Each structure stands twice: as structure tokens, then as C-alpha cells.
Amino acid sequence: MFKLTTKALVCAASLTLSGLALAADPIVIKFSHVVAEHTPKGQGALLFKKLAEERLPGKVEVEVYSNSSLFGDGKEMEALLLGDVQLIAPSLAKFEHYSKPIQIFDLPFLFDDINAVDRFQKGPVGQELLKSMESKGITGLGYWHNGLKQLSANKELRKPRDARGLKFRVQASAVLDEQFKALRANPRKMSFSEVYQGLQTGVVNGAENPYSNIYSQKMHEVQSHITESNHGLLDYMVITNTEFWNGLPSDVRAELEVIMEEVTLEVNKHAQSINERDKKAILASGKTEILYLTKEEREKWRQAMKPVWKKFEAQIGADRIKAAEAANQQ
Ligand code: LMR
């Protein structure tokens, strides 16, 4: 009798436990970002959701919030640290309060092309920077490309002096602030969601962004000219809250890391073609003119902006800058 009762109890207990396991709530990962869905970052976030939910059914749910619909620029980092969101991918210009060396990515004319950026990010310095904020509770999971930035304004910007006196919207970055000051222009920090209106109302006269952001935010409709300057980089670091990530069941974390690697490859493979597609759409719209610079003209912009490097060399580290320059030669 006693034996039977014990067995029955054990059975009942294990049934309850398995019931609990079945009913356990999936881990919800909120992925918040500020751009449109048909951009490199927007597509990456959706692909991460798809693969995570396919491969970890019932264990993980990913909620993607695009276009600053959950948190905008000013708030997303704070929200990540508070645990209100688990994944974000700010542009590399938005980390200066957490890691000064990450400012390297904003230095104008540092990288010759996106392949050089890729080599640098995959190299030792790029990898070191991914982990440089763990003491602050932020873990970098990967770099996603958007692409090289173009200058836009309501006038033709062919020579550096054409930018003089104009108000340019900048991301929250001291390097970008100095970049426009070097042109004797007036930089104005503004969150991404406000740029279109800022340009439309004349609060700012110009901006800098890759084609995918210009097109998806309709900035070309309120800018008469775009100069294909490729003068700087707009890429992302996908980051998570260190405590959240380390607290995940190890099998779930391992699978999510594999998925993140796959998504990173996909985003980085397609970012350039998304920008080319959006450049064509901008041209087809007929709303803005794209100016191309000769080698000599582009060199003048480089000379005007390059003094900014010296100002940030101590914060970034001269060796890191050398490593980035070396990535152009490989
Ligand atoms: C910007 O603020 O211009 C960009 O960082 C937006 C983005 O996330 O691409």
C-alpha cells in the first residue's frame, strides 16, 4: 500500500512537472530599432526573429519594433540596460558614452570601402571592441553593415566650402560634430526619427546617411542634392544586456549565437545591394539630384575633414587607427 502510494505520488509529481515544462512561457526577446523594415538593419531584425522562432519553437519569441515605435535613439540604450528591451543595434556613432574607442568608426575617410570595414571588424581590434562594454552591462554580438554615408543638402555640395554656414543634422557623436565644424558648418544633434521633419522645416539644411536611410525616410524629397561622397561609415553593433544574455539557458544562448552569426552574414551580404536599389529609387523619383565627385574633388573633402582624426586619437588609440588603415591595404 505504502509502496503504491509512493509510486502514485512520484507519477503525479512528474506529470505536474512535465505539465509545467510544457506550459512554461517562452523567453520573449524584444528587438527595438529606429529604421524602416526594408533597410539592412530592418531586414536583419526580421530574419533573426524568423530563425529564432523556427529553431527554438516554444522556447523563444522575438518581438521586433521598427521605426522607433518602442524606443527612439535617446532611449534605447537606457531601455536595454534596464531590461525593457533585450536586443538593439545602434549605429556605431551612438556608443561614445560607453566606449570611446568605438568612436573610431566615425572618423571621416578612414575606410576605403565596405570590404575594408569588414576586414577591420573581423580582425582583433574589431572583436576587442565588441567586448569593450561588458563591464557596463553591454555585450556586442556582431557588426551589421548599412554602408557608406552620402552628404545631402538643399544646394549643391561640390566643394567643402559649399557646406560653410549650413546646419547639418548629426547623430549623437562628438566626432561627427567636429567633422562638420571642420567644414565651418553648424552641426545639430537630432534623433533619427526627427530628421525628415527637421529637413522639411529648415531646422537643419543638410544631413549625412547611406542611401537606404535617405530613401526609407523620404529625406530625398526634402533635399535637392545628394553628393556621393562616401566620406564616412554608418554600421551597427548588435548588442544585448550582458546579464540577460548570460542568464539564458546555455542551449538557448548557443543556438541564438549561431543564428546571430548567420543573420550577420546575410545582412552584410545584402547591405550594399539594398543601398544600390535605394539609390536607383531615389534617382527614379526625380526629386533630387545626385552629384558625383572627381578624385580631386573628393580629395578636397578628405583634407577638410581629416584634421578631426588628431582630435580623437588619444581617446581612440593610435594603434587602433593604424589597424583600421591597414585594413584598406589587405
Ligand atoms: C541615424 O541616426 O542617422 C542612424 O544611426 C539611424 C540608423 O539606425 O541607421
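Numbering of ligands and ligand atoms starts at 1, following listing order. Note that the structure is predicted; figures quoted are calculated from it, not measured.
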CA sep, side-chain torsions, deciding dist, call: R320, E128, salt bridge (Lys or Arg N to Asp or Glu O under 4.0 Å)
CA-CA 10 Å; R320 294 192 182 94; E128 169 220 338; 2.7 Å; yes

Which atoms of ligand 1 have any heavy atom of Q171 under 4.0 Å away?
1 (C), 2 (O), 3 (O), 4 (C), 5 (O)

Which of the numbered atoms in ligand 1 are below 4.0 angstrom from a heavy atom of K94?
1 (C), 2 (O), 4 (C), 5 (O), 6 (C)

Numbered atoms and elements of ligand 1 in range of S91, under 4.0 angstrom, heavy atoms:
5 (O)

among protein heavy atoms, the one nearest atom 1 (C) of ligand 1 is F192 CD1, 3.3 Å

Less than 4.5 Å apart, any side-chain heavy atom of I214 and any of I226?
yes

Contact region, T39 to ligand 1, non-hydrogen atoms below 4.0 Å, reads neither

To the nearest 0.1 Å, how far is atom 9 (O) of ligand 1 from its closest protein heavy atom, and which atom is that?
Y236 OH, 2.4 Å

For a quick check under 3.5 Å, do E257 and W245 share a side-chain donor-acceptor pair by atom type?
yes

Of the backbone atoms (N, CA, C, O) and the side-chain heavy atoms from C-beta on, which set of R169 has a member under 4.0 Å from an atom of ligand 1: side chain, backbone, both, or neither?
side chain

Are any of the side-chain heavy atoms of V60 and R55 separated by less than 4.5 Å?
no

Output yes when E221 and K218 qualify as a salt bridge under the 4.0 Å nitrogen-oxygen rule, no when they do not.
no

Answer side chain, backbone, both or neither: which part of V195 comes under 4.0 Å from ligand 1, heavy atoms only.
neither

CD of E76 to CD1 of I239: how many Å apart, nearest 0.5 Å?
7.5 Å

Is it true that the side chains of N275 and S212 contain a donor and an acceptor less than 3.5 Å apart?
yes

Looking only at distance, does E208 have an N or O less than 3.5 Å from an N or O of ligand 1?
no

Find all atoms of ligand 1 within a distance of less than 4.0 Å from any non-hydrogen atom belonging to K41, and give their numbers and elements.
7 (C), 8 (O)

Salt bridge (Lys or Arg N to Asp or Glu O under 4.0 Å) between E266 and K269, worked out:
CA-CA 5 Å; E266 277 302 295; K269 195 160 103 192; 3.5 Å; yes

Quick check: does N209 get an N/O under 3.5 Å from an N/O on ligand 1?
yes

